[in-house]
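The first residue of the sequence shown is numbered 1, and numbering continues consecutively from there. Values reported hereafter were calculated over all heavy atoms of this structure, with side chains retained and with hydrogens, waters and symmetry mates removed.
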Amino acid sequence: MNPPSRRDLLRAGAVASAAVLCPSPVSASAPSEGCAPALGPVRVLPDDPRYEDLVRRGNRRFVGTPDEVRVVGSTDQVVSAVQDAVRTGRRVAVRGGGHCFEGFVDDPAVRMVIDMSGLTDVYHDPRRFGFAVEAGATLGEAYRRLFLGWGVTVPGGSCPGVGVGGHIAGGGYGRLSRLHGLVVDHLYAVEVVVVDRAGTARAVVATREPTDPHRDLWWAHTGGGGGTFGVVTRYWFRTLPTPPARVLDFTVTWPWAGLTERGFRRLVGTFGRWCASHSAPGSRGRHLYAELVLSRPQAGGHTLTGQVPHDSRHLFDELLAALGDGVGVTPTVTSETRPWLAATLGGESDDGKGWRLKVKSAYHRAPLTERQSQVAYRHLTRDGDLPAGSLSLNTYGGATNAVSPTATASVRRDASMLLFYLAGWADPTADTRHLAWIREFYGEMYADTDGVPPGGAYINYPDVDLVSAARPWPDLYHGANYPRLQQVKARWDPRNVFHHALSVRPPGR
């Protein structure tokens with residue numbers, strides 16, 4: 001099925017009026033005719049019973065103490081909140097889904113948090129001939145509304161509870177990206193609340209049109225990361241891909257019992273070689289997405305999970321056969337063919353927000369080396385109570401690698417795997433032990449390149465440890481695109497109102 005044409009979008013906007021009749025207005029003072037006004041603005045102070053919930057919406061390692069939380073429901077309300085923060089000299093941060101792995105929003109210096117819980121609409125916008133997704137919506141809601149309303153989707157992440165605001169600004173990668181590219185490869189426009197040199201807050205719409213004088217602001221939001229240039233309030237997409245009608249969900253578990261180091265290394269090496277062989281844009285393997293999660297013995301085994309269109313299930317059979325060669329243990333295999341939306345939404349869990357978390361990432365062009373496989377085995381089998389210590393090897397490439405590194409701010413367009421290192425725990429007194437484990441693991445994996453991955457890292461898996469790395473962190477996250485991002489920063493946030501440990505720095509800083 002081909003993506004919808006502009007005529008299809010206009011027709012859909014007419015026949016699906018029930019789904020788009022009442023999009024959130026830009027101005028709370030002038031709601032759409034016949035519709036209820038937008039939520040908010042709600043000003044929550046520390047003595048309000050809602051305060052504790054609003055400051056505990058992220059990684060449990062970090063809990064903020066802002067003077068207030070503004071829950072907003074329109075772009076005008078965001079402008080007003082940002083203006084108040086600038087006028088009173090308070091540092092401001094924005095929270096969408098609450099899934100940032102570092103304490104950027106919960107920094108003690110942040111005195112106002114703008115909570116996007118009221119900006120959650122997903123609708124067809126006939127004025128811009130596209131689909132509008134507000135920045136407070138979750139991926140799950142975007143998937144549901146886009147698919148049920150128009151049969152399309154964005155190729156975003158696999159966790160339905162993640163907010164679209166930061167996910168898209170960082171590039172947006174997920175199960176359909178090998179088929180359809182990153183989310184930002186489909187982004188047409190973005191609305192951002194910015195602050196000029198005089199300290200005046202205003203909303204700007206920037207599009208990808210070559211003649212748009214604001215185009216650089218659109219480009220910066222195609223991988224430059226959140227919290228750097230302003231507050232995103234909504235995104236627009238024009239032509240979006242159609243997901244497969246039915247997909248095969250699969251889970252394969254190789255038990256630790258009976259698995260030797262040789263078998264472990266064979267499993268890791270075979271998966272890496274498969275990824276490298278199927279990372280080209282036109283590869284037949286681009287239809288399959290998989291994550292090989294290498295866990296500690298306490299978890300019971302190593303798990304391959306993923307998804308493939310039902311009519312391409314032979315790719316899963318081929319991969320499974322290849323992975324079983326020489327491992328030495330028999331895996332448990334479960335698979336089920338399901339409608340795409342049901343498989344994608346899954347259990348809609350809260351994605352680990354009850355844990356204290358530390359993560360790291362790395363793009364790989366080639367399989368892990370023998371030395372790296374040995375390092376992974378050693379750290380995963382080390383003594384100690386690390387209940388959620390793991391390393392995930394995620395398939396990458398395909399359509400993602402078909403885009404020029406400069407076409408968007410997402411510069412990594414030649415990888416075959418994206419690695420995700422995770423430590424998770426509940427006890428605050430165990431912070432030192434868990435942080436030491438993941439830092440030592442990561443550093444030894446890349447000991448040959450000064451402790452950092454030569455292929456760079458993913459800004460949506462932020463790691464403040466890289467600020468003090470031997471290689472400059474802007475190069476790891478943004479590569480050759482960083483100077484251009486700095487120019488956008490200088491133009492659109494000249495006062496550096498929006499900043500955190502890994503935000504784009506103004507030129508000269």
Side-chain angles (χ1 to χ4, degrees), residues 3 96-97 99-101 122 131 133 135 137-147 152-187 221-223 225-226 235 237 240-244 247-251 275 278-279 281 285-293 304-309 312 315 338-349 351-352 359 361 363 392-403 408 410 412-413 415-420 422 457-461:
H99 290 82
C100 182
F101 289 113
V122 180
F131 305 103
V133 180
T138 63
L139 286 172
E141 192 58 24
Y143 298 152
R144 189 195 323 273
R145 295 282 295 276
L146 288 171
F147 183 70
V152 297
T153 191
V154 290
S158 59
C159 297
V162 169
V164 303
H167 181 72
I168 296 174
Y173 170 76
R175 291 173 176 169
L176 292 178
S177 292
R178 284 167 51 80
L179 267 177
H180 300 296
L182 302 178
V183 177
V184 295
D185 297 339
H186 303 270
L187 182 64
H221 285 87
T222 61
Y235 297 100
F237 303 88
L240 284 174
T242 301
V247 295
L248 179 75
D249 264 358
F250 55 83
T251 301
C275 291
H278 295 85
S279 63
R286 70 188 186 281
H287 293 81
L288 183 143
Y289 173 80
E291 305 174 3
L292 179 59
V293 183
L304 179 79
T305 63
Q307 190 179 92
V308 65
S312 297
L315 294 172
R338 307 170 67 191
W340 172 81
L341 184 62
T344 298
L345 295 180
E348 299 199 59
S349 71
D351 309 316
V359 308
S361 68
Y363 289 104
S392 298
L393 281 59
N394 305 326
T395 54
Y396 206 76
T400 298
N401 287 350
V403 178
T408 67
S410 298
R412 309 300 174 192
R413 298 291 187 165
S416 67
M417 291 191 296
L418 175 58
L419 272 59
F420 179 67
L422 169 70
Y458 182 35
I459 192 61
N460 276 354
Y461 298 154

Point-to-point distance, once rounded to the nearest 0.5 Å, from CG of Leu393 to CZ of Phe420: 12.5 Å

Are any of the side-chain heavy atoms of Arg178 and Thr400 separated by less than 4.5 Å? no

To the nearest 0.5 Å, how far apart are OG1 in Thr153 and CZ in Phe147? 8.5 Å

Rounded to the nearest 0.5 Å, what's the gap from NE2 on His99 to CG on Asn460? Could you check? 12.5 Å

What one should report as the nearest heavy-atom pair of Gly223 and Ser410 is CA-OG, 3.4 Å

For Leu240 and Leu146, work out which heavy atoms get closest and say how close. CD1-CD1, 4.1 Å

Check: Arg145 side chain, Val122 main-chain N or O, donor-acceptor pair, under 3.5 Å: yes

For a quick test of reading the model, state the closest non-hydrogen atom pair linking Ile168 to Val184 and the distance between them. O-CG1, 3.1 Å

Close side-chain approach of Phe237 and Val183, heavy atoms under 4.5 Å: yes

Check for a donor-acceptor pair, side chain of Ser312 on one end and backbone N or O of Val308 on the other, with a separation under 3.5 Å. no

Does His167 reach the side chain of Leu139, with side-chain heavy atoms less than 4.5 Å apart? yes

On a heavy-atom basis, which atom in Val164 and which in Tyr235 lie closest, and how many Å separate them? O-CE1, 3.8 Å

Here the pair of heavy atoms bringing Arg338 nearest to Ala343 is NH1-CA, 3.7 Å

Nearest heavy-atom approach of Gly181 to Pro155 is O-CG, 3.3 Å

Side-chain heavy atoms of Leu345 within contact of Arg144, under 4.5 Å: yes

Apply the test side chain to side chain contact (heavy atoms under 4.5 Å, CB included) to residues Leu182 and Arg413: give CA-CA distance (whole Å), side-chain angles for both, the deciding distance (0.1 Å), then the verdict. CA-CA 10 Å; Leu182 302 178; Arg413 298 291 187 165; 3.7 Å; yes

To the nearest 0.5 Å, atom OH of Tyr289 lies from atom OG of Ser177 at 8.5 Å

Phe250 side chain near Leu304 side chain, heavy-atom distance below 4.5 Å: yes

Nearest 0.5 Å please: distance from the OG atom of Ser361 over to the CZ atom of Arg412. 10.0 Å

Sub-4.5 Å side-chain heavy-atom contact between Tyr396 and Ser279: no

Heavy-atom distance under 4.5 Å between the side chains of Val154 and Tyr143, does that happen here? yes

Within the 4.5 Å heavy-atom criterion, are Asn394 and Tyr458 side-chain neighbours or not? no

Strictly distance-based, threshold 3.5 Å: is any side-chain N or O of Asp185 a donor or acceptor partner for the main-chain N or O of Val403? no

Euclidean distance, Glu291 CD relative to Thr305 OG1, rounded to 0.5 Å: 4.5 Å

